[in-house]
K.L.:
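Starting off with a structure, shown below.
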There are 2 protein chains.
Amino acid sequence: MKEETPLVYVVDDDPSIRKALERLLGSAGYDAKTFASALEFMDFDHPDVPGCLVLDIKMPELSGLELQDRLTEKGIFIPIIFITGHGTVPDSVRAMKAGAMDFLQKPFKDSELLGVVSRAIARHGRLRQKKRQMNTLRARLDTLTPREREVFRLVVRGMLNKQVAYDLGITEKTIKVHRAQVMQKMGAQSLADLVRLAEKLGVRSSTV
Amino acid sequence: MKEETPLVYVVDDDPSIRKALERLLGSAGYDAKTFASALEFMDFDHPDVPGCLVLDIKMPELSGLELQDRLTEKGIFIPIIFITGHGTVPDSVRAMKAGAMDFLQKPFKDSELLGVVSRAIARHGRLRQKKRQMNTLRARLDTLTPREREVFRLVVRGMLNKQVAYDLGITEKTIKVHRAQVMQKMGAQSLADLVRLAEKLGVRSSTV
DNA sequence: TTCCCCATTGGACCAAAGTCCAATATATTT
DNA sequence: AAATATATTGGACTTTGGTCCAATGGGGAA
């Protein structure tokens with residue numbers, strides 16, 4: 001299909017580091033985009049391609065850890081690799097707890113960084129894939145009418161049409177209509193499919 | 001139901017630390033059991049209660065990190081809180097990557113440790129709960145005959161009895177028999193249930 | 001060899017789900 | 001006021017799924 005060149009962002013206030021990493025990443029076949037500060041990175045409009053973020057911890061204004069938090073709040077889930085000259089244990093623990101891919105201390109070997117970058121990009125690919133799936137699923141869920149949503153919820157809970165009808169105080173006939181609509185709109189080929197979609201969407205269903 | 005007192009294991013080669021932690025944990029309402037070495041801890045037969053492990057990094061023979069690896073290999077998933085006097089960044093990163101709850105440097109505040117311990121125990125409770133569920137599920141799956149397993153797999157994929165029959169080269173009638181057996185043995189009240197069980201068990205079903 | 005498990009199938013039904021076509025009633029929007 | 005989306009129901013079937021009772025044949029285990 002579409003062969004997208006992964007894009008690696010580098011955020012570091014040291015120009016020499018930026019230049020060195022840009023060269024290293026370029027030679028490894030990646031596109032690289034560098035930023036001198038976290039704010040600069042935040043302002044940038046990120047293209048929708050697989051990639052990762054190589055981030056210095058200590059920077060003026062917004063630190064790397066703070067940037068990590070901001071991105072998390074914004075729902076941006078690009079894998080982060082921290083690099084640092086004199087990182088502390090608490091910093092590294094905080095970064096890892098917040099989901100960082102790795103936390104490297106300078107100086108590190110080129111191969112070491114490239115290995116992590118490669119894994120980070122692979123992970124980002126999987127995350128993007130899953131996110132796309134969720135987006136289309138939620139879009140479909142949004143097309144359901146309130147009534148259809150109720151029927152959806154009760155059906156995937158395992159209730160018979162008859163029981164759903166009783167629950168909602170309407171006829172079984174009507175349930176069948178809604179149910180057919182739900183299957184149609186959600187793009188489910190079978191009840192089994194529908195149940196799996198419900199699980200992914202977190203539709204409260206399981207009585208277990 | 002059964003109110004079990006959480007059990008906190010402390011592994012540290014420094015007797016004064018062991019004694020101090022034992023007192024602290026005891027005053028917080030936990031049972032505490034101390035060990036002077038990783039090997040000593042491994043030899044101990046762990047009772048089945050919620051708890052966590054407070055582990056020193058640097059110890060003779062087997063280090064804390066090595067113990068962590070051993071436990072992972074053995075499928076023992078008790079949350080680990082590392083404590084260390086002079087821990088390094090690489091050590092903390094390795095520990096966190098391997099799933100540690102936290103990595104504290106001495107000296108730390110009592111309240112800090114107790115907070116982490118509390119969260120660790122809560123997590124362990126959830127993990128134990130999930131593991132028990134999986135055990136009963138797998139036990140049920142084990143009672144299925146080979147043929148029943150095949151029918152299980154195809155049914156939760158969303159195939160009609162008719163299609164399953166064609167696939168296996170037998171009659172639809174026979175499928176119904178197996179299918180009923182599967183529902184019975186797996187303890188599923190509905191097809192929706194069965195699909196969810198299959199997902200948890202990782203029964204390859206989704207065509208997506 | 002006899003007993004039990006597994007796999008298979010038939011017959012006879014009943015229950016549940018799905019499908020077309022059609023119709024009515026509200027509420028909201030244009 | 002006309003158009004649209006939502007919710008509801010009926011009738012008339014067809015297809016699927018589920019259940020009971022009964023029976024056959026092969027392969028191990030006692």
Side-chain angles (χ1 to χ4, degrees), chain A residues 137-199 201 203-208, chain B residues 137-199 201 203-208:
Chain A
L137 280 191
R138 266 192 283 269
R140 288 178 188 171
L141 184 63
D142 284 344
T143 69
L144 296 187
T145 68
R147 206 48 153 174
E148 284 162 359
R149 249 183 284 271
E150 292 186 84
V151 173
F152 182 23
R153 184 170 141 277
L154 299 178
V155 163
V156 297
R157 175 183 293 187
M159 289 170 66
L160 299 179
N161 286 345
K162 175 190 300 191
Q163 299 172 309
V164 176
Y166 181 79
D167 235 60
L168 301 182
I170 56 180
T171 320
E172 190 184 338
K173 184 67 233 297
T174 311
I175 302 302
K176 290 188 182 182
V177 175
H178 290 317
R179 184 167 178 158
Q181 276 294 308
V182 172
M183 294 287 290
Q184 170 74 46
K185 288 182 176 179
M186 295 305 295
Q189 306 301 309
S190 64
L191 177 59
D193 269 4
L194 197 67
V195 172
R196 276 186 288 267
L197 297 183
E199 290 295 295
L201 284 167
V203 174
R204 252 153 299 319
S205 49
S206 131
T207 54
V208 191
Chain B
L137 280 192
R138 267 192 282 269
R140 289 179 187 172
L141 184 62
D142 284 343
T143 69
L144 296 186
T145 67
R147 206 47 154 174
E148 285 162 357
R149 248 183 282 273
E150 292 185 84
V151 173
F152 183 24
R153 185 170 141 277
L154 298 178
V155 164
V156 298
R157 177 182 290 189
M159 289 171 67
L160 300 178
N161 286 344
K162 176 191 299 190
Q163 299 173 310
V164 177
Y166 180 79
D167 235 59
L168 301 182
I170 56 180
T171 320
E172 188 184 339
K173 184 69 232 302
T174 311
I175 302 301
K176 290 188 181 181
V177 174
H178 290 318
R179 183 168 178 157
Q181 276 295 308
V182 171
M183 294 287 292
Q184 171 73 46
K185 289 183 176 179
M186 295 304 294
Q189 306 302 309
S190 63
L191 177 58
D193 270 4
L194 196 66
V195 172
R196 277 186 289 268
L197 297 183
E199 290 295 296
L201 284 167
V203 173
R204 254 153 301 319
S205 50
S206 129
T207 53
V208 190

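Below, chain A is the first sequence line, B the second, and so on; all start at residue 1.
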K.L.:
Examine distances only and state if a side-chain atom of B/Thr171 and a backbone atom of B/Thr174 form a donor-acceptor pair shorter than 3.5 Å.
P.N.:
no
K.L.:
Would the distance check show the side chain of A/Arg149 and the main-chain N or O of A/Leu141 forming a donor-acceptor pair, the cut-off being under 3.5 Å?
P.N.:
yes
K.L.:
Indicate yes or no: does A/Arg153 engage A/Glu150 in a salt bridge with an N to O separation below 4.0 Å.
P.N.:
no
K.L.:
Less than 4.5 Å apart, any side-chain heavy atom of B/Val195 and any of A/Leu194?
P.N.:
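Not touching, per the 4.5 Å side-chain cut-off.
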K.L.:
So do A/Leu154 and A/Asp167 actually touch side chain to side chain, heavy atoms under 4.5 Å?
P.N.:
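Contact flag for A/Asp167/A/Leu154 side chains = yes.
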K.L.:
Round to a whole Å and report the spacing from NZ of B/Lys176 to C1' of C/dA17.
P.N.:
13 Å
K.L.:
Closest nucleotide of DNA chain D for A/Lys185 versus for A/Val177: which of these residues is on the 5' side?
P.N.:
A/Lys185
K.L.:
Are the side chains of A/Arg140 and A/Lys185 in contact, using a 4.5 Å heavy-atom criterion?
P.N.:
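The answer is no; the side chains never approach within 4.5 Å.
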K.L.:
Take atom CE of A/Met183 and atom C1' of C/dT19, then tell me their distance rounded to the nearest Å.
P.N.:
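Value for this atom pair: 13 Å.
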K.L.:
Would you mind reading off the distance between B/His178 atom NE2 and C/dC5 atom P, rounded to a whole angstrom?
P.N.:
16 Å
K.L.:
Closer than 3.5 angstrom, by distance alone: can the side chain of A/Arg157 be matched with the main-chain N or O of B/Ala192 as a donor-acceptor pair?
P.N.:
no
K.L.:
If you find the nucleotide of DNA chain C closest to B/Thr145 and the one closest to A/Leu191, which residue's nucleotide is nearer the 5' end?
P.N.:
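Looking at the nearest nucleotide for each, B/Thr145 comes out on the 5' side.
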K.L.:
Among residues 163-175 of chain B, which residues get a heavy atom nearer than 4.0 Å to DNA chain D?
P.N.:
B/Lys173
K.L.:
I'd like the 5' and 3' limits of the part of DNA chain D contacted by chain A, with heavy-atom contacts below 4.0 Å.
P.N.:
D/dT6 to D/dG11
K.L.:
Could you give the CG-to-P distance, from A/Leu160 to C/dC14, as a whole number of Å?
P.N.:
18 Å
K.L.:
So do B/Leu144 and B/Met186 actually touch side chain to side chain, heavy atoms under 4.5 Å?
P.N.:
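B/Met186 vs B/Leu144: side chains touch.
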K.L.:
Round to the nearest Å and state the distance from B/Lys162 atom NZ to C/dA17 atom P.
P.N.:
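Result: 18 Å.
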